[in-house]
Number of protein chains: 2
Amino acid sequence: MARRSDHSREELQEMALTAAETLLDEQGGAALSTRKVAAAIGYSVGALYLIFKNLDDLCWQINARTLRGLMNALDQQVDAPTPRARLKGYASAYLSYAQQWSHRWALLFDHSASEGDEAPEWLQATIAELFTRIEADLAELHPEETPEDITLAARTLWSSVHGITQLKLRDKLFFGGESAAQQMTDSLIDRYLDGWTPSDASVGGVTK
Amino acid sequence: MARRSDHSREELQEMALTAAETLLDEQGGAALSTRKVAAAIGYSVGALYLIFKNLDDLCWQINARTLRGLMNALDQQVDAPTPRARLKGYASAYLSYAQQWSHRWALLFDHSASEGDEAPEWLQATIAELFTRIEADLAELHPEETPEDITLAARTLWSSVHGITQLKLRDKLFFGGESAAQQMTDSLIDRYLDGWTPSDASVGGVTK
DNA sequence: AACTTAACTGAACAGTGTTCATTAACTGTT
DNA sequence: AACAGTTAATGAACACTGTTCAGTTAAGTT
């Protein structure tokens, strides 16, 4: 039996999360089980339930760390000279982060699908922070637009980057080499921004 | 014991798939289990394994039907007068199909993530068919582009529509009402097409 | 040393996918 | 009509899963 207070609550939690991430990275999300995580840190199954509400809770905490890592990666792009370059940098960082941590990234999105309880509000907040970055750059390019239109544009553009990332990771729908996805986000951003003329935004009707 | 040949192989398969789809629609992907499907059609678990290789196989066959349904929905948009209207119609149909059959749609994409065996080649083929439709419209708009650039553009644009769809289904990252996602795909297509000038495509370098 | 408290365990429960020896029902032959 | 052959169908069994909780054990307190 593990000695009481061999490790503090925080240490134990950290150990468990790290072990779970290793398991995830090496064997994928399907291999993530309470018993395996418990074994990896040298505790019994029951002990995990003193630290985490359940497996879902553990997954959410992994997702929190994943998301934080993503934000860090994005932050390194903040020095790019122009809004356009910054947006491309974000997209590129997003893409490579997702590829580097493919299993963690998959967990982040597959897990939100499990319809038990809501996504915790910190997740919402972190994502809002990401969108704020995008919106800032878009607003700089289009100061004449209303905040609502900027928001809509940010979500449109970023959903698109997300879609490219997701399909890139999942399969061989993609021909071409390593750079295909990168090329796609670049051209997407270029064309979207070039096609964004003030006239067509505010109404929303089909005018073409 | 169910009488031998009460139902033919094909009938049984059809019954099982229909039962599984009902289960999926009503209770979501997590509730899909071999025992439940077997019970729903009045057979034992083992009988399912005479019809399907395993649960994965059953899921793939559901996915095949889902994809076929999607293609049907897209086909109803083929009469739109212009390529641009056709592309918007496809996107709109894609979006509403995914929303109507949200659980089936989720299965289609979550399942490709399970990294057992490859996605069957018919799936690849059906998806290729979808992309061919998009490419045809894009080629009509940009006859001067090479096939490679058309392909790249089709995948870029469609990954984007896919991304918007996915995020729309998953959560409340989306403000606004029912029409927000529709508005997003419309403006995406408009801006992407408007920003697509022949000069910036063939090289692929960063020129902006 | 005795008592209290809380950390920790692991057996147990209900569920999962999958297999396979056994059984039941049909088919064809004598 | 009786027997053998074939095969559809079963359901118990195995190894796993998440989750709970009565018990056990160690640490802190009096």
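Lettering of chains follows the sequences in order, A, B, ..., and the numbering in each one begins at 1.
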Could you state the atom-to-atom distance from CG of B:Asp57 to P of C:dG17 in whole Å? 14 Å
Starting at atom CZ of B:Arg9, determine the distance to atom P of D:dT7, rounded to an integer number of angstrom. 11 Å
A:Leu50 CG to C:dT9 P, straight-line distance once rounded to whole Å: 9 Å
How many whole angstroms separate atom CH2 of B:Trp60 from atom P of C:dG17? 18 Å
Give one of base, sugar-phosphate or nothing for B:Leu12, where a contact means two heavy atoms less than 4.0 Å apart. sugar-phosphate
Pairwise 5' ranking along DNA chain C for A:Ile51 and B:Gly46, keeping only the more 5' one: A:Ile51
Rounded distance in Å - CD (B:Gln27) to P (C:dG15): 13 Å
Grab the two heavy atoms, one from B:Ala180 and one from A:Leu152, that are nearest each other, plus how far apart they are. O-CD1, 4.4 Å
Answer yes when B:Glu14 and B:Arg65 have at least one side-chain N-carboxylate O distance shorter than 4.0 Å, and no when they do not. yes
Rounded interatomic separation in angstrom, taking CZ from B:Phe52 and C1' from D:dA9: 16 Å
Step by step, would you call B:Ile164 with B:Tyr94 a side chain to side chain contact (heavy atoms under 4.5 Å, CB included)? CA-CA 11 Å; B:Ile164 291 172; B:Tyr94 193 89; over 6 Å; no
Is the closest side-chain heavy-atom distance between B:Leu188 and A:Leu188 below 4.5 Å? yes
Using a cutoff of under 3.5 Å, can you pull out all pairs of nitrogen or oxygen atoms linking the protein to nucleotides 17-19 of chain D, with atom names and distances?
unit_1	atom_1	unit_2	atom_2	d
D:dT17	OP1	A:Ser33	OG	3.3
D:dG18	OP1	A:Thr34	N	3.2
D:dG18	OP2	A:Thr34	N	3.1
D:dG18	OP2	A:Thr34	OG1	2.9
D:dG18	N7	A:Arg35	NH1	2.6
D:dG18	O6	A:Arg35	NH2	2.8
D:dT19	OP2	A:Tyr49	OH	2.8
D:dT19	OP2	A:Leu55	N	2.8
D:dT19	O5'	A:Tyr49	OH	3.4
D:dT19	O4	A:Arg35	NH2	3.3

Kindly calculate the angle separating the two end axes of the helix from C:dA1-D:dT30 to C:dT30-D:dA1, each obtained from five base pairs, and round it to 10 degrees. 30°
In whole Å, what is the span from the CG atom of A:Leu48 to the P atom of C:dG10? 14 Å
Under the side chain to side chain donor-acceptor pair (under 3.5 Å) test, which residues partner A:Ser33, sequence neighbours left out? none
What do the steps show when you test A:Leu95 against A:Val161 for side chain to side chain contact (heavy atoms under 4.5 Å, CB included), and what is the final call? CA-CA 8 Å; A:Leu95 202 50; A:Val161 171; over 6 Å; no
Relative to the ring of B:Phe109, is the ring of B:His162 parallel (under 30°), tilted (30 to 60°) or perpendicular (over 60°)? tilted
Name the orientation class of the two ring planes belonging to B:Tyr192 and B:Trp196 (parallel below 30°, tilted from 30 to 60°, perpendicular beyond 60°). perpendicular
In terms of heavy-atom contacts, A:Arg86 and A:Ala80 come closest through NH1-O, 3.0 Å
